[in-house]
Amino acid sequence: MSVGFKGSCLCGAVTYKSSADPVAIVSCHCADCRKSSGTGHCTHMGIPEAAFTILGDVSYFDKGTDSGNMVRRHFCPTCGSPIYSTNSSMKDMVFPRASILDDRPEMTVSMAVYASRATAWDPVIEGVPTFAEMPPQSDMPEM
Ligand SMILES: [Zn+2]
Ligand SMILES: [Zn+2]
């Protein structure tokens, strides 16, 4: 069984790799994830920062969440692909996007959050724990 994963943006200027498997894979249907994703949701993989390596230059955009934390969304300045996010409430974690994975297509989503904000054209995945907003006492910050 393989451990870890790697990904690259559309133009290939930015790559990431992780030496650890995700603690959780979360599909988030909040409006910020919809607008930054190109579709109705983002799929975030939570991993310890120590396991994460990024190669290439990234730009970022900061936006606050409902609870007042700051999410920094990093993207490729050339092709615009989302790369990863960080959250001011969890400084030892990073949240690479599953959308630019180059391997591990068998990994599955752990939970869906902000389901109350999902659109009919991109419905919430079935068969996983689903929360209208964030799960109570979540280990995952808002993304
Ligand atoms: Zn790129
Ligand atoms: Zn979100």
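The first residue in the sequence is number 1, and the count goes up from there. Whatever order the structure lists ligands and atoms in, that order sets their numbers, starting from 1. Atoms considered below: every heavy atom in the structure, side chains included; atoms not considered: hydrogens, waters and symmetry mates. Keep in mind that what you see is a predicted model, and the values were worked out from it rather than measured.
- Protein N, O or S atom count below 2.8 Å of the Zn ion (ligand 1): the structure gives 4.
- Within the coordination shell of the Zn ion (ligand 2), defined by N, O or S atoms under 2.8 Å, C42 is absent.
- Contact detail for P123 and W121: the closest heavy-atom pair is CD-C, 3.7 Å.
- Side-chain contact check for I47 versus M93: every heavy-atom pair is 4.5 Å or farther apart.
- One of the N, O or S atoms belonging to C33 lies under 2.8 Å away from the Zn ion (ligand 2).
- Hydrophobic cluster of F75: the remaining members, joined at side-chain heavy-atom separations below 4.5 Å, are F61, listed by chain and number.
- Pairs passing the salt bridge (Lys or Arg N to Asp or Glu O under 4.0 Å) check and including a residue from residues 79-97, sequence neighbours excluded, do not occur.
- Among the atoms of C28, an N, O or S atom is found under 2.8 Å from the Zn ion (ligand 2).
- One distance of note links NE2 of H74 with OG of S81; it measures 15.0 Å at 0.5 Å rounding.
- A distance-only check finds no donor-acceptor pair linking the side chain of S8 to the backbone of G12 [under 3.5 Å].
- Residue pairs satisfying the salt bridge (Lys or Arg N to Asp or Glu O under 4.0 Å) criterion with at least one member in residues 109-120, sequence neighbours excluded, are listed as follows: D66-R117, R117-E133.
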